[in-house]
S.K.: 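Handing you a structure now.
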Amino acid sequence: MLEEIAPEMLVEDTRERKRELVLKNVKDRVVMRFAPNPSGPLHLGHSRAAVLNDYFVKKYRGKFILRLEDTDPKRVLPEAYEMIEEDLEWLNIGVGEKVVQSDRMEIYYEHCERLIEMGHAYVCQCDPQEFRVLKNQGIPCRCRDRSVEENLELWEKMLDNSLEGAVVRLKTDIKHKNPSVRDFPIFRIEDTPHPKTGDRYTVYPLMNFSVPVDDYLLGITHVLRGKDHIVNTEKQRYIYQYFNWEMPEYIHYGILKIEGTVLSTSKMYEGILKGEYRGWDDPRLGTLRALRRRGIRPEAIYRSMLEIGIKPADVKFSWENLYAINREIIDREAKRFFFVENPKRLKVLGAEPRTLYLRMHPDRDLGTRELRFEGEVYVSDDLEVNRMYRLMELCNIVVERVEGDVIYARYHSEDFKILRRKRGKIIHWVPVKDAVKTVVVDTEGRERCGFAEKDFKNVNIDELVQFERYGFTRVDDKREDRIVCYFAHK
RNA sequence: GCUCCAGUGGUGUAGCCCGGCCAAUCAUGCGGGCCUUUCGAGCCCGCGACUCGGGUUCAAAUCCCGACUGGAGCACCA
């Protein structure tokens, strides 16, 4: 039946089902978390975890928890809490619950105490270098077999701020084949004031402690993380075992390698402070806000990340693929305008003035624009003497001479076919009168100056437009003397 | 160096678990054509890959071993 009416629908359907991403071990409900460190806004790298979590949560009607992991006061940027939420909202990710780790310090302390009481953790006062030497040989340090009472006493001292240079270590396997797993630290002292809690705490949990504790208490069922966390998963397994907790399902995906863009939050921040970048949304950066400013749609990023998926092999991020998806989205809504970069004056002799009305979009009704031709226009190409050109949508001309910055040409004919026969080029043009000074900021942050046609002045900020043959840009700012756009892609 | 993981066209992806229907999917890219007064979009055609070597098997992209390549981890960061 369906085969007769619409066979292509069937084909499409099976394909879609095949490519769909699935989660293993889904019981009644999935709870997943996205856990960034609030050191800056979200970038392309983060968007992968955020999107995949959101996708699965929506697919299985579960819960998305945003957990801000701010247990290293040195790596917290106060504005980042807000920025991360904005970025997620922009990506259309539904945050079901928000948790901030610095609000949960007492919880971590309690659980640490329990581990000490059970004899699974101890306070270690060894010099880090010395400990490492012992650890690498698989030899326990002398702190390891202190009594529970002593450890609790020392732990209290740590909290009281009367013990320096101590850490709490988890007893794992001192001969574990991965040395970093051997009695790894779970708490450390850090005196740097915390942007949220000030100097209230000086003892902070390390990730491999706070993460499993929170994952368990929040009821996380599936954890999606990069394979750089594989060893951490192994470490965290000890915590689950000691508390006799059931472990969530872990999925480790390959590293997403993104070339040609700055993604390191600390490097970006440094660059901003030095004035090298104009802010978190500088077009050279890989932050979501930079992409937004350039006119990349959140759906394009979302689809891009789903396409990449969760396979364990590393993947190279392809800007081309992202652009292709974005182009597909914005093509139908982007109004067309003429824009000439590096403008040169062109005087056309012997042509009658006239007014043209062109469509804003080749196949959708987005209105018309008006071009008044009065003999003098801007063009961006270098024109050759004696060659025929066509001012697009207008008429054929032949270049006569170039005098300084001004090109002189003579009107030749109307018919497009003549141009074809003479193998002439079609060029863009903008009437000199009423030309709108326009700056396009490219992906390197360079300003490219030129003129757009008169009606371009009616665009709204934030609108996406296509400068014909030039590329898609987002209108960023309108000033009295010019309009500023950010370049998206061809 | 040690430990672990992975290798499908330029890029991303499907297939690999449960060998045959895979002279390998889809997208992007590239080349060509149609259309078009955009070198855009759309439509059509084409290009292009199972890292290599052994083994198991009637049969291997799919299973096993080795090599090579790439990656991750080896912190009082996350």
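Being a predicted model, the structure only gives us computed values, none of them experimental. Naming: A, B, ... by sequence-line order, numbering from 1 per chain.
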S.K.: Does the gap between the ring centers of Phe209(A) and Phe187(A) come in under 6.0 Å?
M.R.: yes
S.K.: Expressed as a whole number of angstroms, how long is the span from His252(A):NE2 to A6(B):C1'?
M.R.: 14 Å
S.K.: Can you list everything that forms a ring-ring contact (aromatic ring centres under 6.0 Å, His included) with Tyr238(A)? Sequence neighbours excluded, please.
M.R.: none
S.K.: Looking at U11(B), A78(B), G40(B), which one has an atom nearest to any side-chain atom of Lys316(A)?
M.R.: U11(B)
S.K.: Consider the side chain of Lys177(A), meaning its heavy atoms from C-beta on, and name the nucleotide among C4(B), C77(B), A6(B) that approaches it most closely.
M.R.: C4(B)
S.K.: Please list, chain by chain and in numerical order, all residues satisfying side chain to side chain contact (heavy atoms under 4.5 Å, CB included) with Asp72(A), sequence neighbours excluded.
M.R.: Lys74(A), Arg75(A), Arg188(A)
S.K.: Look for any protein N or O under 3.5 Å of an N or O in nucleotides 69-72 of chain B and output each such pair with its distance, or none.
M.R.:
unit_1, atom_1, unit_2, atom_2, d
G71(B), O4', Asp314(A), OD2, 3.1
G71(B), O2', Asp314(A), OD2, 2.7

S.K.: Would you kindly give the OH-to-P distance between Tyr108(A) and C76(B), to the nearest whole Å?
M.R.: 20 Å
S.K.: Round to a whole Å and report the spacing from CD1 of Ile426(A) to P of U36(B).
M.R.: 12 Å
S.K.: Quick one: Glu393(A) CD to U36(B) C1', roughly how many Å, whole number?
M.R.: 10 Å
S.K.: Is the phosphate of A41(B) approached by Arg327(A) (side-chain N or O, under 4.0 Å from OP1 or OP2)?
M.R.: yes
S.K.: When you check the gap from the basic side-chain N to the acidic O, do Arg132(A) and Glu130(A) get nearer than 4.0 Å?
M.R.: no
S.K.: Establish, for the pair Arg169(A) and Phe184(A), whether the NZ or CZ atom is under 6.0 angstrom from the six-membered ring centre and no further than 45 degrees off its axis.
M.R.: no
S.K.: Is any side-chain nitrogen or oxygen of Arg303(A) closer than 4.0 Å to OP1 or OP2 of A27(B)?
M.R.: no
S.K.: Throw together a table of side-chain donor-acceptor distances under 3.5 angstrom for residues 312-330 of chain A, partners on residues two or more places apart or in other chains.
M.R.:
unit_1, atom_1, unit_2, atom_2, d
Asp314(A), OD1, Lys227(A), NZ, 3.0
Asp314(A), OD1, Ile255(A), N, 3.0
Ser318(A), OG, Glu320(A), N, 3.4
Ser318(A), OG, Asn321(A), N, 3.0
Trp319(A), NE1, Glu259(A), O, 3.4
Tyr323(A), OH, Arg294(A), NH2, 2.7
Asn326(A), OD1, Arg297(A), N, 2.7
Asn326(A), ND2, Gly295(A), O, 3.1
Asn326(A), ND2, His489(A), NE2, 2.9
Arg327(A), NH1, Lys490(A), O, 2.5

S.K.: Taking OP1 and OP2 of A78(B), is either one under 4.0 Å from a side-chain nitrogen or oxygen of Thr71(A)?
M.R.: yes
S.K.: Look at the side chain of Leu206(A) and decide which nucleotide, out of U37(B), G29(B), C77(B), has an atom nearest to it.
M.R.: C77(B)
S.K.: Expressed as a whole number of Å, how far does the P atom of A60(B) sit from that of A23(B)?
M.R.: 11 Å
S.K.: Scan residues 122-129 of chain A against RNA chain B and write down, sorted by residue number, each residue with any heavy atom closer than 4.0 Å; if none is found, say none.
M.R.: Cys126(A), Pro128(A)
S.K.: Can you figure out which of G73(B), A6(B), U37(B) approaches the side chain of Met392(A) most closely?
M.R.: U37(B)
S.K.: Can you name the residues that form a side chain to side chain donor-acceptor pair (under 3.5 Å) with Tyr201(A), not counting sequence neighbours?
M.R.: Glu106(A)
S.K.: Quick one: which of G7(B), U13(B), C77(B) gets closest to the side chain of Asp72(A)?
M.R.: C77(B)
S.K.: Starting at CZ of Arg469(A) and ending at P of C39(B), how long is that distance when rounded to a whole Å?
M.R.: 6 Å
S.K.: Which residues satisfy the side chain to side chain contact (heavy atoms under 4.5 Å, CB included) test with Glu164(A), sequence neighbours excluded?
M.R.: none
S.K.: In this structure, how many angstroms lie between the P atom of C39(B) and the CZ atom of Phe339(A), rounded?
M.R.: 19 Å
S.K.: For nucleotides A59(B) and G66(B), find the distance between their C1' atoms and express it as a whole number of Å.
M.R.: 23 Å
S.K.: Give the dot-bracket string for RNA chain B, reading 5' to 3', where a pair is Watson-Crick or G-U wobble with both distances under 3.5 Å, ( ) marks pairs inside the strand, [ ] marks pairs crossing earlier ones, | marks a partner on another strand, and . marks unpaired.
M.R.: (((((((..(((.......[.....)))((((((.......))))))...(((((..]....))))))))))))....
S.K.: Checking contacts here: which listed nucleotide (A78(B), A27(B), G40(B)) is nearest the side-chain heavy atoms of Asn321(A)?
M.R.: A27(B)
S.K.: Compute both the distance and the angle, then confirm whether Lys196(A) meets the cation-pi test with Tyr81(A): under 6.0 Å from the six-membered ring centre, within 45 degrees of the axis.
M.R.: yes
S.K.: Taking ring-ring contact (aromatic ring centres under 6.0 Å, His included) as the test, write out the residues that go with Tyr122(A), two or more places apart.
M.R.: none
S.K.: In a table with atom names and distances, give each donor-acceptor pair under 3.5 Å that connects a side chain of residues 260-268 of chain A to protein atoms at least two apart or in another chain.
M.R.:
unit_1, atom_1, unit_2, atom_2, d
Ser264(A), OG, Ser266(A), OG, 3.2
Ser264(A), OG, Lys267(A), N, 3.1

S.K.: Ignoring the backbone of Glu307(A), work out which of G12(B), C76(B), C74(B) is nearest its side chain.
M.R.: G12(B)
S.K.: Phe487(A): what forms a ring-ring contact (aromatic ring centres under 6.0 Å, His included) with it, not counting sequence neighbours?
M.R.: Tyr470(A)
S.K.: Which one, U38(B), C76(B), A41(B), comes nearest to the side chain of Val167(A)?
M.R.: C76(B)
S.K.: Check side chain to side chain donor-acceptor pair (under 3.5 Å) between His111(A) and all other residues, then give those that pass, not counting sequence neighbours.
M.R.: none
S.K.: Quote, to the nearest angstrom, the C1' distance that separates C76(B) from G12(B).
M.R.: 40 Å
S.K.: Expressed as a whole number of angstroms, how long is the span from Phe487(A):CZ to G40(B):P?
M.R.: 13 Å
